[in-house]
Amino acid sequence: MKIIDLNCDLGEGAGHDGELMPLIASANIAGGAHAGDEATMRESVELALRHGVAIGAHPSFPDREHFGRRELAASPVQIGQWVREQTHALMKIAQAAGARVTHVKPHGALYNLAARDVTTADAIAAAIKACDERLILVGLSGSELPAAGLRAGLRVAHEVFADRAYHRDGTLVARTDGRALMDDAAVAAERMIGLLHTGKVRSVEGDEIALQADTICLHGDGVHAVDFARELRRALAAAQISIKPLTV
C-alpha cells in the first residue's frame with residue numbers, strides 16, 4: 001500500500017480547524033508573524049495532540065496585513081532569525097504540552113522565495129537545523145528549499161499541492177492568476193491520485209511535469225477546505241493509499 005502525508009496550514013483564524021484536524025496527518029501551525037498568537041498556537045497544539053496529528057512550525061515574513069503573502073526585503077541573517085524565533089516559540093509551547101515539533105514549513109511569500117532563491121533556502125535550512133537537527137524541512141517539490149535542507153543534513157519532504165495549479169517549470173501559479181486555485185474537490189483529488197500513481201501532473205500550459213510527492217498540502221484558510229479534505233481522504237482510501245505523518 002502506498003503511503004502519503006496530508007498536511008494543512010492551521011492556526012490562521014479560518015474558523016474550521018476543529019473540523020480539519022481529524023482529517024489530516026500533519027499540521028503547520030502559524031507562529032504569529034502572518035497570523036495567530038501564543039493562544040492559538042497552544043490551542044492548535046492541544047488539538048493536534050487530541051487527534052494524533054504531527055505538529056509543525058509555519059514561519060513567515062512578519063506581515064499580518066498581507067497574511068505573509070507579500071515578499072519583504074530582508075537579509076539572510078534576518079530571515080534566519082525570523083524562522084528561529086517562530087519555530088522556537090512553537091517548540092516551547094509543544095514541549096509544555098508534552099509534545100514535539102516534528103517539521104517546519106515556511107509560509108506564503110517566504111516559501112515561494114526559498115523555492116527559487118538558493119541564499120534564502122540555505123538561510124532557512126540553517127535556522128531550522130539550529131533549532132533541532134531532527135526537524136523535517138518541508139518545501140516545494142524539486143525546488144531549492146528541499147535541496148538546501150539536504151545540504152544542511154536535514155531530512156526533507158517534497159510537497160505537492162492539492163488545491164493549487166502548476167506552471168511547466170514546477171512552480172505554483174501565482175494567486176493573482178485566475179487559474180491558481182482548484183475549486184472542484186473531486187477534480188483536485190483525482191489529480192492527486194494520478195500524481196501519486198504516475199509521478200506526473202499537468203501544468204496550466206498543458207505539459208506533463210514530474211513531481212516528487214512526500215506530502216500533500218491542503219490550505220486550511222480556503223472556504224471549502226473541509227470538503228476538500230474529506231474528498232481527498234475518500235479518494236486516497238479508494239485508491240488504497242494510506243495517510244501517515246512524515247515521522248512514520
Side-chain angles (χ1 to χ4, degrees), residues 1 3-60 68 82-108 111 124 127-139 149 154-157 159 161-163 214-222 225-234 236-237 241-248:
M1 177 177 283
I3 296 174
I4 190 68
D5 176 59
L6 179 58
N7 79 75
C8 191
D9 306 338
L10 298 177
E12 297 177 327
H16 45 226
D17 286 13
E19 294 178 87
L20 278 169
M21 196 70 82
L23 301 173
I24 63 174
S26 300
N28 317 310
I29 300 172
H34 72 282
D37 53 29
E38 187 173 331
T40 59
M41 284 191 280
R42 187 176 297 109
E43 181 181 339
S44 296
V45 166
E46 291 172 355
L47 197 57
L49 279 173
R50 194 178 311 153
H51 294 286
V53 172
I55 297 166
H58 198 38
S60 71
W82 286 331
V83 171
R84 285 194 304 275
E85 288 174 350
Q86 293 172 57
T87 302
H88 272 306
L90 186 65
M91 290 173 70
K92 182 178 179 180
I93 290 170
Q95 185 176 20
R100 182 175 78 85
V101 174
T102 62
H103 64 280
V104 179
K105 172 191 164 181
H107 167 80
Y111 179 97
I124 291 172
I128 292 171
K129 186 172 184 178
C131 291
D132 186 343
E133 61 184 12
R134 298 173 298 171
L135 289 167
I136 301 168
L137 172 55
V138 179
L154 294 170
R155 182 179 166 190
V156 304
E159 181 178 42
F161 289 80
D163 52 8
D214 300 317
T215 181
I216 298 173
C217 174
L218 177 73
H219 284 96
D221 62 321
V226 176
D227 291 337
F228 261 69
R230 287 176 178 151
E231 177 60 25
L232 190 54
R233 285 189 69 94
R234 184 205 63 75
L236 289 168
I241 299 172
S242 181
I243 300 172
K244 301 288 185 183
L246 293 168
T247 49
V248 171

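- Using bins of under 30°, 30° to 60° and over 60° for the plane-to-plane angle, the ring pair His34/His107 lands in the parallel bin.
- Looking only at distances, a side-chain donor or acceptor of Arg155 sits under 3.5 Å from a matching main-chain atom of Leu246.
- Comment: Glu38 engages Arg42 in a salt bridge, judged by a side-chain N to carboxylate O separation of less than 4.0 angstrom.
- With rounding to the nearest 0.5 angstrom, the CD atom of Glu43 is 11.5 Å from the CD1 atom of Ile93.
- Residues Val45 and Ala97 share a closest heavy-atom pair of CG1-CB, 3.9 Å.
- Looking only at side-chain heavy atoms (C-beta outward), Thr87 and Leu135 come within less than 4.5 Å of each other.
- Listed by first and then second residue, the side chain to side chain donor-acceptor pair (under 3.5 Å) pairs involving residues 15-25 amount to none (not counting sequence neighbours).
- Between Lys105 and Asp9 there is a side-chain heavy-atom pair separated by less than 4.5 Å.
- Atom OG in Ser26 sits 11.5 Å away from atom CD1 in Ile216 (nearest 0.5 Å).
- Proximity of a side-chain donor or acceptor of Glu12 to a complementary backbone N or O of Ala30 within less than 3.5 Å is not detected.
- Atoms NZ and CG, on Lys129 and Leu137 in that order, are 12.5 Å from each other to the nearest 0.5 Å.
- Contact check for Asp132 versus Arg100: side-chain heavy atoms found under the 4.5 Å cut-off.
- Residue Trp82 holds its CH2 atom at 9.5 Å from OG of Ser60, rounded to the nearest 0.5 Å.
- What you find for Gly220 and Ala14 is that their closest heavy atoms are O-CB, 3.4 Å.
- Looking at Thr102, its side chain does come within 3.5 Å of a backbone N or O of Ile55 through a donor-acceptor pair.
- What you find for Tyr111 and Pro106 is that their closest heavy atoms are CD1-O, 3.2 Å.
- Closest heavy-atom contact between Met41 and Gly31: SD-CA, 3.7 Å.
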Next item on the list: List the steps, then state whether side chain to side chain donor-acceptor pair (under 3.5 Å) holds for Thr215 with Asp5.
Entry: CA-CA 4 Å; Thr215 181; Asp5 176 59; 2.5 Å; yes
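- Residue Glu85 places its CD atom among more than 12 non-hydrogen atoms of other residues, nucleotides or ligands, all under 6.0 Å distant.
- Considering every non-hydrogen atom in both Cys131 and Arg84, the closest pair reads SG-CA, 3.8 Å.
- Side-chain contact between His58 and Ile29: absent, with no pair of heavy atoms (C-beta onward) separated by less than 4.5 Å.
- Heavy-atom minimum distance, Leu49 versus Ala99: CD2-CB, 3.6 Å.
- When each of Val226, Asn7, Leu23, Leu20 is checked for a side chain to side chain contact (heavy atoms under 4.5 Å, CB included) with Leu218, only Leu20 meets the rule.
- Counting only heavy atoms from C-beta outward, the side chains of Glu231 and Arg234 approach each other to under 4.5 Å.
- You'll find the side chain of Asp227 reaches within 4.5 Å of the side chain of Arg230, heavy atoms only.
- Looking at Pro59 and Val104, their side chains come closer than 4.5 Å, going by heavy atoms from C-beta outward.
- At least one side-chain heavy atom of Leu10 sits under 4.5 Å from a side-chain heavy atom of Ile24.
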